Amino acid sequence: MEKTNLKGLNLTQLENFFEKIGEKKFRATQMFLWIYNKKAKSFDEMTNLSKKTKTKLDEFAFIENIELVEVKIDEISKTHKFLFRLADGRKIESVLLYDGKRKTICVSSQVGCAVDCKFCATGKMGLLRNLTLSEILDQIIVISRDFETEITNIVFMGMGEPFHNYNNVIESAKILCDPQAFSISQRKITISTSGVLPKIQKFIEEEHNFKLAISLNATDNLTRTALMPLNEKWQIETIFAEIQKYNKTNRNRVTLEYVLLAGINDTDEDAKKLAKWIKDYNCKINVIPYNPTNTDFERPTKERIEKFMAVLGKATPSATLRNTGGRQIQAACGQLATTN
Ligand code: SF4
């Protein structure tokens, strides 16, 4: 029997595993608590397991741990950027953000990304592979065990397109909100997508209560396709049609993400069009001034950002300017990338 990585299994899967190796069902709950609540790295740390059980576990199972390689801290915002090495040597980054009482982990879902948004450092890597459920959860386990115990929010906005790794992202979110595991409220978990339409539809059909964010980044299809090639397939109107469906079945409002790029999507006209959509479709919008990385795009001036927000703010109260922390350490939105 091949050894099973117990990290990444839900309670039912753990129960099946323990049944298979001839152990009592309650062991599954013990294991679930040890891995996700007490964040144990090995069977040795599990003090309520007998020596005999540990020997059996060593024979049939293991707990995979990702390796923390480097931590960078932005002194101004306290933003932490973490570099992790995975079992196959691939590397990913995650970010811990502080905003008042809010302590948010920005989680990666893939090594690289296939979507190729032109303003994004991860997009330049191409897709190397999906993360396993264990690797997704371990980012949160390590950060909350070793750096910040009171995590309040999770955003799937790190490296990768979460909806290209749909099952693992959704299953990890379910474990994150389990009261016996991380106990994070469903409404404090945000899953972001660049607009992968079939998976947005699936997400709506499955009626999840996790929050949904969609990267819009432009107010016309020509500009959006130039910035995000997937727009050729799934255009702005089709995305808003799905938002309309979502509004009928879900109390949460969709958040639109809008990276503000100098001379590309930052005119007063863009702000007015955006405001209209937000009103018509009952969305919220986060405007994120571009964080420079290895592309030709530029961040708009402070004056332009203020004017854009003023026009938007006049028309809708649902617009927020997000000056994401960590620019100095390349930890802000769109700046994550690793050499693999
Ligand atoms: S912005 Fe997100 S979806 Fe687009 S390339 Fe970067 S990681 Fe992928």
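Just follow the structure's listing: the first ligand is 1, and inside any ligand the first atom is 1. Bear in mind that the values here come from a model prediction, so they are computed numbers and not experimental data. Any value given below was found using the heavy atoms of this structure, including those in side chains, with hydrogens, waters and symmetry copies removed.
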Original post:
How about C117: does one of its N, O or S atoms come closer than 2.8 Å to atom 8 (Fe) of ligand 1?
Top reply: no

**OP:** Within a distance under 4.0 Å of any heavy atom of G123, pick out the atoms of ligand 1 and give their elements.
**Re:** 5 (S)

Subject >> Exam field: side chain D138 to backbone I141, donor-acceptor pair closer than 3.5 Å >> reply: no

Original post:
Which heavy atom of the protein is the closest neighbour of atom 8 (Fe) of ligand 1, given with residue, atom name and distance?
Top reply: C113 SG, 2.3 Å

**OP:** Look at K202 together with E205 and state whether they make a salt bridge at an N to O cut-off of under 4.0 Å.
**Re:** no

Subject >> Any donor-acceptor N/O pair, N286 side chain to T255 backbone, under 3.5 Å >> reply: no

Original post:
Near D116, which atoms of ligand 1 are under 4.0 Å from a heavy atom of that residue?
Top reply: 5 (S)

Original post:
Of all heavy-atom pairs between E135 and N130, which one has the smallest distance, and what is that distance?
Top reply: OE1-O, 4.4 Å

Subject >> Closest protein heavy atom (residue, atom, distance) for atom 6 (Fe) of ligand 1 >> reply: C120 SG, 2.3 Å

**OP:** May I ask which of G195, P162, G160 has a heavy atom nearer to atom 7 (S) of ligand 1 than the others do?
**Re:** G160

**OP:** With K124 as reference, evaluate T293, D116, N294 under the side chain to side chain contact (heavy atoms under 4.5 Å, CB included) test and give the passing residue.
**Re:** N294

